[in-house]
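Naming: A, B, ... by sequence-line order, numbering from 1 per chain.
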Amino acid sequence: MLDKKYNHKLVEQGKYENWKNKGYFNSGDKDKIPYTIVIPPPNVTGKLHLGHAWDTTLQDIIIRFKRMQGFDCLWLPGMDHAGIATQAKVDKKLREEGIDPRSMKREEWLKKAWEWKEEYAKNIHDQWAVLGLSLDYNKERFTLDEGLSKAVRKVFVDLYNKGLIYQGEKIINWDPVAMTALSNEEVIFKEDEGAFYHMKYFLEGSDTEFLQVATTRPETLFGDTAVAVNPSDERYQKYIGKNVVLPLVNRLIPVVADMHADPEFGTGVVKITPAHDANDYEVGLRHNLEKIVVIAPDGTMNDKAGSYAGLDRFECRSKVIEDLKAKDLLIKIEPMVHNVGHSERSDAVIEPYLSKQWFVKMRPLADKVLENQKNKDTKVNFVPARYEKIMNHWMEITYDWCISRQLWWGHQIPAWYKDDEIYVGMEAPACDGWVQDSDVLDTWFSSALWPFSTLGWPDDTEDFKRYYPNNCLVTGYDIIPFWVNRMTFQGLEFTGQRPFKDCLIHGLIRDKMGRKFSKSLGNGIDPMDMVDAYGADSLRYYLATTASNGTDIRFDEDKIKSTWNFINKLWNASRFVLMNLEDFKEDKYKLENLKDEDKWILTKLNKTIKVVTKYMEKYEFNNVGANLYDFIWSDFCDKYIEISKFNLNDDTKKSVLLHVLTAILKMLHPFMPYVTDEIYNKLPIHEENIMISKYPEYNKKYIFALEEKKIDDLLEFVKNFRNVCSENNMTKDYQVKFENKEDYTLAIRLLKLEDKIIDNSLEITAYKVKSQFYEATIYYEKVLTMEDKQELAREKEKLIASIARRKNLLANENYVKKAPAHLVEEEKEKLRLEEEKLATLL
RNA sequence: GGGCGUUUAGCUCAGUUGGUUAGAGCACCUGCCUUACAAGCAGGGGGUCAAAGGUUCGAGUCCCUUAACGCCCACCA
């Protein structure tokens, strides 16, 4: 027997280990059709947050559903080495231990990093287990595994040989704290308080005539090799071709005409620093200007900055301002708020930096994606569909991807150098004297291969052949540019296929006020705390059913609480069923000699199975949740169980109770694996385990339209009856006369009318209660008060208005002609009922 | 600057291909300890669906305009 209250801690204890040990999570049954999802590999940098819990719950729901539908399900787990993020954390830890990470040998440092990885991987495994995720651990991968590293090298080498990877000296985003290059996606623009510094660039040979140059970054002036004006800007025509004197440095630089200078912006004169600004770099190329790097990788000024060398770039900025002021070269300081790029990981202000890096040539790869998305049979189907636009737009405007990182934690670039020679290959060259490139690849370079590298590609493995392309990928919309896009072009390029058929996009989880969770706000919520308080089942159901796809969730603990209540309801309904089925055996199970109410619940059940299955297939779990909630609570618990109490010795009743409860548990199982497992195992008839049981299927045999309508109407009658009693404050002394020959047995039981039925009319206050089939008069000793009369008058007015509206509608020829016939009929019926009601009232 | 989204009950959100008195949970009001559940049961109140216009017999839903908020991309010397 079940306890009186649902106890999530007791229920969830030990179940995960059991499932895992029994091998229920394992893929590989060749008699079944394969179904694959690969987990978005979490970073080995910390704990999982609510976003992970949401993301993985959705995947587990899909996988459990498909498994119950009879597919050979592979849900492949794994983790991401997360290059820059992990390196930053490992470095921080070492520094706290008093060790300078950069003084270590690369191999020693890597040993520490692997220790870190093992520790955090364990945390993540523990959390996956708590959440109940049915991952196939036999297939687990890590992005730095030998197999995945081989895939990375293969892709690098092939792209290099195709000319789609090249090494070049370009302006890239430099993170001076992590001291590495970054891709554009890893730069976050934030509005910072800054200033526009207006400086005097004197004309050569003049101490009166100068150009007023405005900049937000005066410290870069040491790298200026020109100033530019717009060729159409009449104010400055006469200066084009002349030289100006670079302040503080006294170096002569030319005034060039370039479209880049916007006459409307600032003073219309812009200083050109080709080594520290992407636009200036382009200007430099057009005018053949020298590129002078003046900032060192750590963000300090280098020797090109003369006496300023060694100063941090921001200290240098202050010093330069001070000195310009002292020399009367500063005109004004104009405060301004402008967008400044910050490193996604270290938050350092990004320095546009001229440096030699490796790049992926994106145009041909992106074009392939755009072409493929036009074919509905081979494209990636986004759910919701609008997110396809995000990917396509990215593909349209994409620029070359900077993939080299000056880090240790990652896949070292498979390029070797010897004097001026370069060798790119899967393995190191055989002869001596070659030195491997010390850089590693962007983390996303390896994650981009995740859907196929995890299946053994580039080898032609059984797994790759069987489980690729993946059926579905689940991730948040914020990850589309970093990951989804890159998986898509790499998948197409290297496997000739989309990496996954569907891409289910969910939103972000925010706090109750709609703010992002962040460390600085201190509003973070540990999913493990929620599991502790309400159970994994409650958290999962809440996360999966709260939002429609692609939209954000505002975290609301009250809603998890209300899910807990729902589970408690399920628990108690199950408790009721089990109490009454104690000696029930398989030979007693029969769905025969069904009464109207049995047919009614079976019809409702089958309709629910149909609609729930449809929404499961469409990943619309919010709709699944709403339908199940309503069916379970309103139809099964509030109505059918109550009715069943009148007839509990009947094996048919017991069979129906068991049948419906079994189906309910199965449909809830993907959402609430623990509690459904607990209850299911206690049912008198059940398969080995609910998670490998067969998902309910719609069965026309158990659709009884007539009985459904009849009982719906009876329940409507009962409700109206109660309403009349409640509105008129009727105590128990009233009498009831039924006005026709329908079967009122159930109504009598539900309304407890056994001793109140009369056959004749009485000369006291009477109320009519009606539904389509049922009709009764309630007699009650009561004087009508003023209020009662007003109430009656209000109701009369309402009815008259409604009747008028309907008559009007039905008089409308266009409506009668064009609207579907059944609607017109319904309308007529409603009108008839209302007219009757009005007549009784009068 | 370009694009996407949101705006529905006090709060958080659903709302299918347009179908005619717009739903849920929580909160609120009334009455109930009715043997599965008071974390419950039976009822109830509450919304001119952001604003204006249009298409249509019919608009929360489709089209146009506007506003507020949010996000993405680009860019700001």
Side-chain angles (χ1 to χ4, degrees), chain A residues 2 4-6 184-185 189 194 196-197 213-217 220 227-228 260-262 265-273 277-280 283 336-340 384 386-387 389-390 393-394 396-397 477-478 480-481 507-508 510 512 514 545-548 550-556 558-559 561-580 611 614-615 618 620 622-623 625-626 629-630 633 637-638 641-642 645 718-719 722-727 729 750 752 798 801-802 805-806 809 812-820 822-824 826-827 830:
Chain A
L2 298 178
K4 195 166 174 183
K5 254 181 203 172
Y6 161 56
N184 292 21
E185 282 73 20
F189 282 90
F196 220 11
Y197 302 93
V213 176
T215 181
T216 53
R217 300 168 63 217
T220 62
V227 297
H260 168 58
D262 176 1
F265 191 84
T267 60
V269 186
V270 52
K271 65 198 252 331
I272 301 299
T273 322
D277 183 281
N279 286 313
D280 292 6
V283 177
M336 77 185 286
V337 175
H338 60 146
N339 269 344
V340 178
R386 66 172 184 273
Y387 285 102
K389 289 186 211 161
I390 307 274
H393 182 244
W394 189 90
E396 277 157 17
I397 62 153
Y477 60 70
D478 54 329
I480 293 172
L508 303 181
R510 299 169 179 280
K512 208 172 177 175
T545 62
T546 293
S548 56
T551 60
D552 293 349
I553 290 184
R554 287 191 188 209
F555 183 76
D556 186 352
D558 284 346
K559 282 204 173 177
K561 214 177 273 180
S562 108
T563 296
W564 191 98
N565 289 351
F566 175 46
I567 299 177
N568 189 49
K569 186 76 183 175
L570 171 75
W571 182 264
N572 274 290
S574 307
R575 183 164 174 264
F576 172 84
V577 173
L578 291 173
M579 274 168 83
N580 290 291
V611 72
K614 179 185 92 182
Y615 285 132
K618 291 166 78 176
E620 291 180 22
N622 60 323
N623 288 328
Y629 190 98
D630 188 52
W633 205 307
C637 294
D638 290 346
I641 285 186
E642 288 310 316
K645 287 177 183 172
V718 167
K719 185 176 169 172
R722 284 170 174 155
N723 192 2
V724 167
C725 292
S726 154
E727 276 181 0
N729 287 322
L750 286 167
K752 299 187 177 28
K798 257 180 158 174
S802 181
R805 195 186 58 79
R806 275 189 222 286
L809 186 62
N812 183 333
E813 267 179 48
N814 274 319
Y815 172 72
V816 180
K817 209 159 55 190
K818 292 181 185 172
H822 72 276
L823 285 173
V824 178
E826 278 171 31
E827 203 59 32
K830 281 177 188 166

Answer with base, sugar-phosphate or nothing: what part of the nucleic acid does [X] contact at a heavy-atom distance below 4.0 Å?
X        : answer
A/Cys725 : nothing
A/Thr563 : nothing
A/Lys817 : nothing
A/Leu508 : nothing
A/Asn279 : sugar-phosphate
A/Lys5   : base
A/Thr546 : sugar-phosphate
A/Trp564 : base
A/Asp638 : sugar-phosphate

Self-check item: Pairing residues for A/Phe265 by the ring pair (Phe, Tyr, Trp, His ring centres under 6.0 Å) criterion, not counting sequence neighbours
Solution: A/Phe196
Quiz prompt | Any residue meeting ring pair (Phe, Tyr, Trp, His ring centres under 6.0 Å) with A/Tyr629, in chain and number order, not counting sequence neighbours | solution = A/Phe566, A/Trp633
Looking at [N], I'd like to know if its phosphate oxygens (OP1 or OP2) sit under 4.0 Å from a side-chain N or O belonging to [X].
X        : N     : answer
A/Lys569 : B/A36 : no
A/Trp394 : B/A74 : no
A/Arg722 : B/G43 : yes
A/His338 : B/A77 : yes

Looking only at heavy atoms, which two atoms of [X] and [Y] are closest? And how far apart?
X        : Y        : value
A/Lys569 : A/Cys637 : CE-CB, 3.7 Å
A/Thr267 : A/Val213 : OG1-CA, 4.2 Å
A/Thr216 : A/Met336 : CG2-SD, 3.9 Å

Quiz item: Is there a donor N/O on one and an acceptor N/O on the other, under 3.5 Å, for the side chain of A/Glu642 and the base of B/A42?
Solution: no
Quiz item: Looking at B/U35, does its base get a donor-acceptor pair with the side chain of A/Arg575 below 3.5 Å?
Solution: no
Checking [X] now: which residues fulfil side chain to side chain contact (heavy atoms under 4.5 Å, CB included) with it, not counting sequence neighbours?
X        : value
A/Ile397 : A/His393
A/Leu578 : A/Leu2, A/Lys682, A/Leu683, A/Pro684
A/Thr546 : A/Tyr542, A/Ile553, A/Lys559
A/Asn812 : A/Asn814, A/Tyr815

When the [atom1] atoms of [N] and [M] are considered, how many whole Å apart are they?
N     : M     : atom1 : value
B/G58 : B/G53 : P     : 15 Å
B/U8  : B/G15 : P     : 14 Å
B/A9  : B/C4  : C1'   : 28 Å
B/G31 : B/A67 : C1'   : 46 Å
B/G46 : B/A22 : P     : 12 Å
B/C37 : B/G18 : P     : 47 Å
B/C26 : B/U6  : C1'   : 22 Å
B/G47 : B/U66 : P     : 31 Å

Candidate nucleotides [options], ranked by approach to the side chain of [X] - the nearest:
X        : options             : result
A/Asn568 : B/C4, B/C71, B/A39  : B/A39
A/Arg386 : B/G5, B/C71, B/A38  : B/G5
A/Asn565 : B/C73, B/C75, B/G40 : B/G40
A/Thr215 : B/A77, B/C37, B/C57 : B/A77
A/Arg554 : B/U12, B/C41, B/G43 : B/U12
A/Lys4   : B/A77, B/U12, B/A38 : B/A38
A/Asn812 : B/C37, B/C57, B/U21 : B/C57
A/Ile397 : B/C73, B/G43, B/A36 : B/C73

Quiz item: For A/Glu642, what residues pass the salt bridge (charged side-chain N to carboxylate O under 4.0 Å, His left out) criterion, not counting sequence neighbours?
Solution: A/Lys645
Practice problem: Identify, with sequence neighbours excluded, every residue that meets salt bridge (charged side-chain N to carboxylate O under 4.0 Å, His left out) alongside A/Lys618. | Solution: A/Glu620
Quiz item: RNA chain B: A/Thr551 or A/Thr216, which has the more 5' nearest nucleotide?
Solution: A/Thr551
Self-check item: Nearest-nucleotide 5' precedence on RNA chain B, A/His260 against A/Phe566
Solution: A/Phe566
Self-check item: Nucleotide pairing, RNA chain B (Watson-Crick or G-U, distances under 3.5 Å), in dot-bracket with [ ] and |
Solution: (((((((..((((.....[...)))).(((((.......))))).....((.((..]....)).)))))))))....
Nucleotide N/O to protein N/O under 3.5 Å, stretch nucleotides 22-25 of chain B:
from: B/G25; atom 1: O2'; to: A/Ser562; atom 2: OG; distance (Å): 3.2

Protein-nucleotides 15-19 of chain B N/O pairs closer than 3.5 Å?
from: B/U16; atom 1: O2; to: A/Tyr615; atom 2: OH; distance (Å): 2.9

Exercise. Would you please classify the geometry between the A/Tyr387 ring and the A/Tyr477 ring as parallel, tilted or perpendicular, with 30° and 60° separating the classes?
Key: parallel
Self-check item: Atom pair distance, as rounded to whole Å: NZ in A/Lys645 and P in B/A42
Solution: 10 Å
Self-check item: side-chain hydrogen bond (donor to acceptor under 3.5 Å, both in side chains) against A/Arg806, all qualifying residues, sequence neighbours excluded
Solution: A/Glu827, A/Glu834
Quiz item: Between A/Asp552 and A/Gly507, is there a donor-acceptor pair closer than 3.5 Å when you use the side chain of the first and the backbone of the second?
Solution: no
